[in-house]
Amino acid sequence: MAVNFTGNWKHVESENFDDYLKAMGINFAMRKIANGITPKLEIQQDGDSFKVKTIGAKTKETSFKIGEAFEDEMQVGKVKVVPSLVDGKLHFDIEGPKQKLVIEREIRSDGRLYQVMKAGDGTTCTRIFAKE
């Protein structure tokens, strides 16, 4: 059975987030702000179509379909994103202005959503979300 990511998710824990932001080239002041935010994700999944609303310092909505590239805006600037589903994980290959990034979201056996982010230099961060 396919994984369904639909739900409201609240950030509860991060591992190596500051080092990841440094690897992304984010300055100290912006890292300080980012580390103080407890973001929420509202995910709606309908088959291969997704709508993700991220609520943090800013609110942002992104809609995409698996296998269809789209443009997005991140802290590092405009990026091209290619989403796929790989072994039950929502996988994003991201081509940024200075580096390639990878983000994967998966729901693990503890029922929490794990977002693993990998910077171009290999620095990895995990952000963990619990369902509300």
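In this text the structure is predicted, and so the values were computed from the model without any measurement.
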State the OG-OH distance between Ser14 and Tyr20, to the nearest 0.5 angstrom. 11.5 Å
If every non-hydrogen atom of Phe92 is compared with every non-hydrogen atom of Val81, which pair is closest and at what distance? CD2-CG1, 3.6 Å
Drop me the distance from Lys51's NZ to Thr6's OG1, to the nearest 0.5 angstrom. 11.5 Å
Within one Ile-Leu-Val-Met-Phe-Trp-Tyr cluster: Ile33 and Ile55, side-chain cutoff 4.5 Å: no
Report the residues that fulfil side-chain contact (heavy atoms from CB on, under 4.5 Å) with Asn35, sequence neighbours left out, ordered by chain and then residue number. Phe17, Asp18, Leu21, Arg31
Between Phe129 and Val12, does a side-chain contact (heavy atoms from CB on, under 4.5 Å) hold up when you go through it step by step? CA-CA 5 Å; Phe129 295 80; Val12 293; 5.9 Å; no
Under 3.5 Å, which donor-acceptor pairs do the side chains of residues 100-121 form with other protein atoms, sequence neighbours left out?
residue	atom	partner	partner atom	Å
Glu104	OE2	His91	ND1	2.7
Arg105	NE	Gln115	OE1	2.6
Arg105	NH2	Gln115	OE1	3.0
Glu106	OE2	Arg108	NE	3.1
Glu106	OE2	Arg108	NH2	3.3
Asp110	OD1	Arg112	N	3.0
Asp110	OD2	Arg112	NE	3.3
Asp110	OD2	Tyr114	OH	2.5
Arg112	NH2	Tyr114	OH	3.3
Asp121	OD1	Thr123	N	2.8
Asp121	OD1	Thr123	OG1	2.8
Asp121	OD2	Thr123	OG1	3.2

Closest heavy-atom pair and its distance - Gly96, Val79: CA-CG1, 3.7 Å
Heavy-atom pair with the smallest gap, counting every atom of Arg127 and Cys125: CG-SG, 3.8 Å
Are the side chain of Thr126 and the backbone of Thr124 linked by a donor-acceptor contact shorter than 3.5 Å? no
Residues in salt bridge (charged side-chain N to carboxylate O under 4.0 Å, His left out) with Lys53, at least two apart? none
Please walk me through it: do Thr38 and Lys10 pass side-chain contact (heavy atoms from CB on, under 4.5 Å)? CA-CA 7 Å; Thr38 304; Lys10 182 180 178 180; 4.1 Å; yes
When you measure from the side chain of Asp93 to the backbone of Val82, do you find a donor-acceptor pair of N or O atoms at a distance under 3.5 Å? no
Determine which pairs satisfy salt bridge (charged side-chain N to carboxylate O under 4.0 Å, His left out) with at least one residue from residues 34-48, sequence neighbours left out, and list them in order. Lys40-Glu132
Between Leu90 and Phe50, is the side-chain contact (heavy atoms from CB on, under 4.5 Å) condition met? List the steps. CA-CA 10 Å; Leu90 189 52; Phe50 289 80; 3.8 Å; yes
Throw together a table of side-chain donor-acceptor distances under 3.5 angstrom for residues 64-74, partners on residues two or more places apart or in other chains.
residue	atom	partner	partner atom	Å
Asp72	OD1	Lys60	NZ	3.0
Asp72	OD2	Lys60	NZ	3.1

Over all atoms of both residues, closest heavy-atom pair of Asn27 and Ala29: OD1-N, 3.1 Å
Quick one: list whatever passes side-chain contact (heavy atoms from CB on, under 4.5 Å) with Asp87, sequence neighbours left out. none
Give the minimum heavy-atom separation between Glu15 and Ile128, together with the two atoms involved. OE2-CD1, 3.9 Å
